[in-house]
Amino acid sequence: MTTPHPPPVPGRELSNPPTDGISNLRFSNHSDHLLVSSWDKTVRLYDASANSLRGEFMHGGPVLDCCFHDDSSGFSASADNTVRRLVFSYGKEDILGRHDAPVRCVEYSYAAGQVITGSWDKTLKCWDPRGASGQERTLVGTYPQPERVYSLSLVGNRLVVATAGRHVNVYDLRNMSQPEQRRESSLKYQTRCVRCYPNGTGYALSSVEGRVAMEFFDLSEASQAKKYAFKCHRKSEAGRDIVYPVNAIAFHPVYGTFATGGCDGFVNVWDGNNKKRLYQYSKYPTSIAALSFSRDGRLLAVASSYTFEEGDKPHEPDAIFVRSVNEIEVKPKPKVYPNPPA
């Protein structure tokens with residue numbers, strides 16, 4: 001019997017997924033390679049187009065974040081307090097340095113040629129991966145933060161650091177001695193994710209309470225008047241609002257629109273300039289833990305992976321879906337103006 005409506009396709013599921021929660025995934029800036037960090041103590045390298053596992057790196061503890069350096073190497077942040085460099089071609093890794101507590105975030109700055117890490121030890125560290133082996137030679141600087149670091153994002157020479165206690169510090173990488181701006185999140189609840197706009201004018205920040213704030217770096221009155229926040233990843237049930245954490249934000253590299261992923265299992269695409277939702281993908285099996293667009297914006301990687309927001313309970317297996325992005329899902333719709341009266 002043929003069904004008139006085939007079930008919606010969540011995207012192609014990658015084989016050999018991590019065996020525990022997925023902490024992050026990222027596409028390369030040079031290819032369709034995808035780097036994935038997991039609580040199963042691994043970083044995995046996939047070729048997303050070919051659906052093949054290209055490499056796997058074991059760590060001494062859960063891996064909380066990963067990023068590419070280039071197509072031949074990357075970096076990872078682990079709960080064993082280490083920052084590691086992963087060399088894909090040789091399948092080897094070395095320890096770039098250490099924090100005094102689990103390392104939550106890692107970013108590579110092409111502008112500064114440095115690795116930036118944020119830790120639950122309430123510091124930010126910058127490393128020069130070109131430094132000779134030996135951690136004291138690779139560490140460029142340590143910068144105390146007001147609280148544990150939860151999320152980092154870079155655009156050009158700007159670095160945004162979101163910590164516990166709803167603090168947000170904005171740095172210029174060329175002068176890390178102190179933050180350029182010290183801010184407080186405009187959302188009332190704990191920050192989950194921060195991501196800079198591709199055009200460098202500001203950042204989006206999400207919270208555990210189903211909201212996203214759109215912020216601007218320029219402190220002029222005109223720029224600050226543009227900031228706003230919106231509710232998302234919620235549902236009404238029996239007259240009650242059920243609110244989900246917004247775990248992930250990913251900007252489309254071509255259109256500057258962005259996707260959000262929540263513990264409700266939904267991925268939404270938003271046009272921040274026009275304050276409109278463009279698209280909602282059909283529901284994934286469990287929480288959306290991470291999202292990443294490929295460099296040309298034609299693919300979207302989705303980590304469907306329970307994030308333990310309701311404690312330990314039976315849940316769907318951790319999975320990575322790679323979906324082909326249709327322009328209609330991510331391209332801003334032109335504003336329609338009514339015809340002037342003749």
Side-chain angles (χ1 to χ4, degrees), residues 21 23-24 37 39 41 59-67 75-85 95-109 112 114-129 131 135-155 157-196 203-209 213 215 217 245-249 289-290 307-309:
S23 54
N24 203 8
S37 53
W39 285 80
K41 305 184 182 179
H59 291 60
V63 191
L64 304 183
D65 199 6
C66 61
C67 69
F75 304 100
S76 64
S78 175
D80 69 3
N81 305 0
T82 63
V83 180
R84 295 173 194 244
R85 180 198 346 233
I95 293 177
L96 200 62
R98 284 186 168 82
H99 278 266
D100 296 330
V103 192
R104 177 64 187 86
C105 313
V106 60
E107 292 286 339
Y108 179 73
S109 165
Q114 290 178 6
V115 179
I116 296 131
T117 54
S119 166
W120 293 341
D121 69 6
K122 305 183 185 178
T123 70
L124 194 67
K125 292 192 178 195
C126 293
W127 315 86
D128 184 347
Q135 287 153 43
E136 53 292 337
R137 289 198 286 278
T138 56
L139 183 63
V140 176
T142 302
Y143 310 100
Q145 298 303 302
E147 249 293 356
R148 286 154 297 165
V149 177
Y150 282 166
S151 189
L152 294 180
S153 187
L154 285 170
V155 62
N157 280 301
R158 272 231 168 83
L159 167 67
V160 181
V161 186
T163 74
R166 301 173 38 254
H167 300 281
V168 179
N169 278 345
V170 180
Y171 285 91
D172 182 330
L173 287 174
R174 293 162 299 191
N175 175 19
M176 290 292 294
S177 55
Q178 58 180 8
E180 195 174 45
Q181 298 176 18
R182 287 186 174 89
R183 296 186 173 200
E184 187 177 78
S185 166
S186 50
L187 305 181
K188 289 206 277 283
Y189 292 86
Q190 179 184 311
T191 303
R192 205 47 147 205
C193 181
V194 67
R195 291 292 177 262
C196 293
Y203 58 89
L205 179 146
S206 70
S207 79
V208 296
E209 189 257 343
E215 302 280 353
F217 294 128
V246 183
N247 297 322
I249 302 170
T307 54
F308 288 79
E309 64 279 1

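For this chain, numbers begin at 1 and follow the sequence in order.
- Pro102 has its side chain within reach of Asn81: a pair of non-hydrogen atoms, C-beta onward, lies under 4.5 Å apart.
- Contact annotation: the side chain of Ile116 approaches that of Cys126 to within less than 4.5 Å [non-hydrogen atoms, C-beta and beyond].
- Looking at every heavy atom in both residues, Ser119 comes nearest to Ala101 through OG-O, 3.3 Å.
- The line from OG of Ser151 to CZ of Arg104 is 7.0 Å long, rounded to the nearest 0.5 Å.
- The shortest side-chain heavy-atom distance between Arg85 and Phe75 falls under the 4.5 Å cut-off.
- From Asn247, atom CG reaches atom SG of Cys193 across 8.5 Å, with rounding to the nearest 0.5 Å.
- Between Ser78 and Gly61, the closest heavy-atom pair is OG-O, 3.5 Å.
- Atom NE2 in His167 sits 10.5 Å away from atom OH in Tyr150 (nearest 0.5 Å).
- Considering every non-hydrogen atom in both Asn175 and Ser177, the closest pair reads OD1-OG, 2.7 Å.
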| request: Could you please spell out the steps behind the side-chain hydrogen bond (donor to acceptor under 3.5 Å, both in side chains) verdict for Thr142 and Thr123? | output: CA-CA 7 Å; Thr142 302; Thr123 70; 5.9 Å; no
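- Within the model, atoms CD of Glu107 and CD of Gln114 stand 13.5 Å from one another, a figure rounded to the nearest 0.5 Å.
- Note that the CE atom of Met176 and the CG atom of Leu159 stand 5.5 Å from one another [nearest 0.5 Å].
- Atom OG of residue Ser76 and atom NE2 of residue His59 lie 2.5 Å apart, to the nearest 0.5 angstrom.
- Contact of the Val168 side chain with the Tyr203 side chain is registered, since non-hydrogen atoms from C-beta on lie closer than 4.5 Å.
- You'll find the side chain of Val161 reaches within 4.5 Å of the side chain of Gln145, heavy atoms only.
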| message | Could you walk me through whether Glu209 and Leu187 satisfy the side-chain contact (heavy atoms from CB on, under 4.5 Å) test, starting with their C-alpha distance in whole Å, then the side-chain angles of each, then the deciding distance to 0.1 Å, before giving a yes or no? | response | CA-CA 9 Å; Glu209 189 257 343; Leu187 305 181; over 6 Å; no
| Chi angles and distances behind the side-chain contact (heavy atoms from CB on, under 4.5 Å) call for Val63, Trp39 | CA-CA 6 Å; Val63 191; Trp39 285 80; over 6 Å; no
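- Checked against Gln181 for a side chain to side chain contact (heavy atoms under 4.5 Å, CB included), the options Val160, Asn169, Val170, Asp172 give a single hit: Val170.
- Between Glu147 and Lys122, some side-chain heavy-atom pair lies under the 4.5 Å cut-off.
- The two residues Ala289 and Thr307 have their closest heavy-atom pair at CB-CG2, 3.8 Å.
- The backbone N or O of Cys196 lies less than 3.5 Å from a partner atom in the side chain of Ser153, making a donor-acceptor pair.
- Using a 4.5 Å cut-off on side-chain heavy atoms (C-beta onward), Pro179 and Tyr143 make no contact.
- Residues satisfying the ring pair (Phe, Tyr, Trp, His ring centres under 6.0 Å) criterion with Phe308, sequence neighbours excluded, are Tyr306, His315.
- Contact annotation: the side chain of Leu152 approaches that of Leu124 to within less than 4.5 Å [non-hydrogen atoms, C-beta and beyond].
- Atom CZ of Phe217 sits in a crowded spot, with more than 12 heavy atoms from other residues, nucleotides or ligands closer than 6.0 Å.
- Taking the charged nitrogens against the carboxylate oxygens, Asp121 and Lys125 have no contact shorter than 4.0 Å, which rules out a salt bridge.
- The shortest non-hydrogen separation linking Asp65 to Cys105 is OD2-CA, 3.2 Å.
- The two atoms that bring Pro146 and Thr163 nearest to each other are CG-OG1, 4.1 Å, heavy atoms only.
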